[in-house]
Amino acid sequence: VTKIIDARGLACPMPVVLVKRAIDDCVTELDILVDNEAARENILRFAASAKTAAEATAEADGEYRIRIRRDRELLIALGGG
Amino acid sequence: MENGKWKMNNLLSSTAGIVIVGLVIGVVGALLQYAGNPPNMGICVACMERDVAGAIGLHQADKVQYLRPEIIGFILGGFLAAIAFGEFRARNGSSPALRFALGLFAMLGALVFLGCPWRALLRIAGGDANGLVGLAGLVAGIAVGSWFLRNGFEPGRAYPAKRPAGSILLLVAIAFLAMIALQPDFLRSSIEGPGSMRAPVAASLLLALAVGFLAQRSRFCTVGAFRDLFIIRSPHLFYGVLALLVAAFLANLALGQFHAGFSIAEGKPQPIAHTVHLWNFLGMALSGLCFVLAGGCPGRQLVLSGEGDGDAAVFVLGMLVGGGIAHNFAIAASPAGPGANGPAAVVIGLVFAVIMGFAMKEKMS
């Protein structure tokens, strides 16, 4: 089951803190919605350092959906990467 | 998936980028001092906002009154970068009054120490060992704040706002700029003391514009640097802080502005500093705690205000009012130590911030 976090409107550093909490809770599939560039950069940087596959896709109104998968194969299987 | 792909979108958000920005801020800090700003205070967001508070009559301390162009430059620089890269987003609504109070207490703590995080680094880079005590306090405050963030502190969501609502501090900056140009009678201006020590207006404004611009692109943040180390074990922003420190140190050496020690007494005293270690430490601990709960250091808050963040703007206004209160209520420090009411203010602030840290928990799903 993919956990979905709506981090739109949350100021730095809350979006990345929520991702960290989820990963610490052993969530393997996570989609997080953010509405700003800085949050997107932060989360992708954190995901890279946590050896987690992540991909951001732009949505409407400057928002992004970032798909985070503990298992890289899973992300590819789902059509990412 | 290519990890490198996203980095190309914003070169300055890379590790090399944050290091470059740190180097630039460090050199600019040393240069603005060389050009006339007070010693070890080439840049200090807290001191400069306090000077601005004095200039518009929020306090009567006649040695620290000057409408510092740097504050205007940081806001406008952040604004220009946000516009140029399509990142201006008007938003607000995340516990604004709490942010006002955090800004106010952050300012009281900073003025008990005598400096914001940027000046703490510049003081160390100039050889002032008291800066190390302040930095230790700052890191301790950030550690406590990071613990609150990890354990559910959440100031709530901001919502998209209409553009004018996200532009208020920008308008204030433009009004200040007009006041510098027109010099109206009501504007106060020190003729002695730190407020009278100034780099040329054009140099202050242009260098601060550049710093604001670069800080917006790179998300440079001295408080985030330590917070990210504590919470997500990411040294990214910390590299920027190290770069600032090294660059300012080398620039100070080159410009003959470095001299090491604690002492504020003999021949060459540490400038605009005191040696009461306990309150240097606790003042900055209060600041660090408030900054981290509010999401960033005071320089970052100015930049965020420029890119449309109305909550950051409220934090800045809180700092401005705090600058007034710090001097009106004998809280701000002098070379003799914290003001008579400084310790009490710091303790009240710490109690307030810790209560908020516990009370603002939100159940996350």
Side-chain angles (χ1 to χ4, degrees), chain A residues 3-25 27 32-58 60-64 66-69 71-76 78-81, chain B residues 1-7 9-10 12-15 17 82 85-89 91-95 99 146 149-160 216-219 221 223-224 227-228 231-237 292 294-296 300 304 307-309 311-312 315 362 364-365:
Chain A
K3 181 181 169 76
I4 296 175
I5 297 176
D6 181 0
R8 291 174 297 177
L10 295 183
C12 177
M14 291 320 298
V16 72
V17 168
L18 294 178
V19 171
K20 158 99 173 132
R21 279 187 206 155
I23 289 179
D24 288 350
D25 289 346
V27 172
I32 181 160
L33 302 170
V34 299
D35 61 1
N36 69 89
E37 199 60 34
R40 184 185 71 98
E41 291 165 7
N42 273 344
I43 290 172
L44 290 179
R45 193 182 295 116
F46 172 67
S49 75
K51 306 270 187 287
T52 302
E55 187 189 56
T57 40
D61 300 325
E63 294 176 1
Y64 296 94
I66 303 171
R67 306 165 64 170
I68 295 174
R69 302 292 181 271
D71 187 344
R72 183 177 292 258
E73 304 300 318
L74 188 58
L75 183 69
I76 291 167
L78 288 169
Chain B
M1 178 180 39
E2 304 156 53
N3 280 332
K5 198 164 61 179
W6 61 276
K7 283 181 184 165
N9 297 336
N10 182 0
L12 283 175
S13 78
S14 66
T15 302
F85 290 87
E87 290 185 5
F88 185 90
R89 287 185 314 113
R91 72 262 193 198
N92 57 39
S94 170
S95 302
R99 289 173 189 275
S146 298
L149 289 185
R150 264 207 313 269
N151 289 280
F153 175 85
E154 169 50 52
R157 236 174 257 278
Y159 292 90
Q216 197 281 337
R217 297 314 300 143
S218 64
R219 337 295 183 193
C221 179
V223 168
R227 177 201 65 208
D228 285 356
I231 301 183
I232 57 172
R233 312 271 169 222
S234 161
H236 173 76
L237 290 171
V292 82
R300 179 86 183 130
L304 286 171
E307 60 174 67
D309 185 339
D311 295 318
F315 183 91
E362 200 162 302
M364 290 290 175
S365 61

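So that the names make sense, note that chain A is the first sequence line, chain B the second, and so on, each numbered from 1.
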For the student: nearest non-hydrogen atoms of L149(B) and M14(A), plus distance: CD2-SD, 4.1 Å
Side chain proximity check, L10(A) to E154(B), heavy atoms < 4.5 angstrom: yes
From CG (L237(B)) to CG (N42(A)), nearest 0.5 Å: 7.0 Å
Those residues that, when tested against R157(B), pass side chain to side chain donor-acceptor pair (under 3.5 Å) (two or more places apart): none
Part of R233(B) within contact of chain A (heavy atom distance under 4.5 Å): neither
Chain B contacts, top residue of D61(A), N36(A), V16(A) (heavy-atom pairs, under 4.5 Å): N36(A)
Interatomic distance, N151(B) atom CG to R21(A) atom CZ [nearest 0.5 angstrom]: 7.5 Å
Heavy-atom pair of closest approach, residues R300(B) and A38(A): NH2-CB, 4.4 Å
Residues which pass side chain to side chain donor-acceptor pair (under 3.5 Å) with R219(B), listed by chain and number, not counting sequence neighbours: E41(A), E87(B)
Check: S13(B) main-chain N/O paired with R45(A) side-chain donor or acceptor under 3.5 Å: yes
Per-residue contact mode, D24(A) against chain B (heavy atom under 4.5 angstrom): neither
Residue, of S49(A), A7(A), P13(A), C12(A), that accumulates the most heavy atom pairs under 4.5 Å with chain B: P13(A)
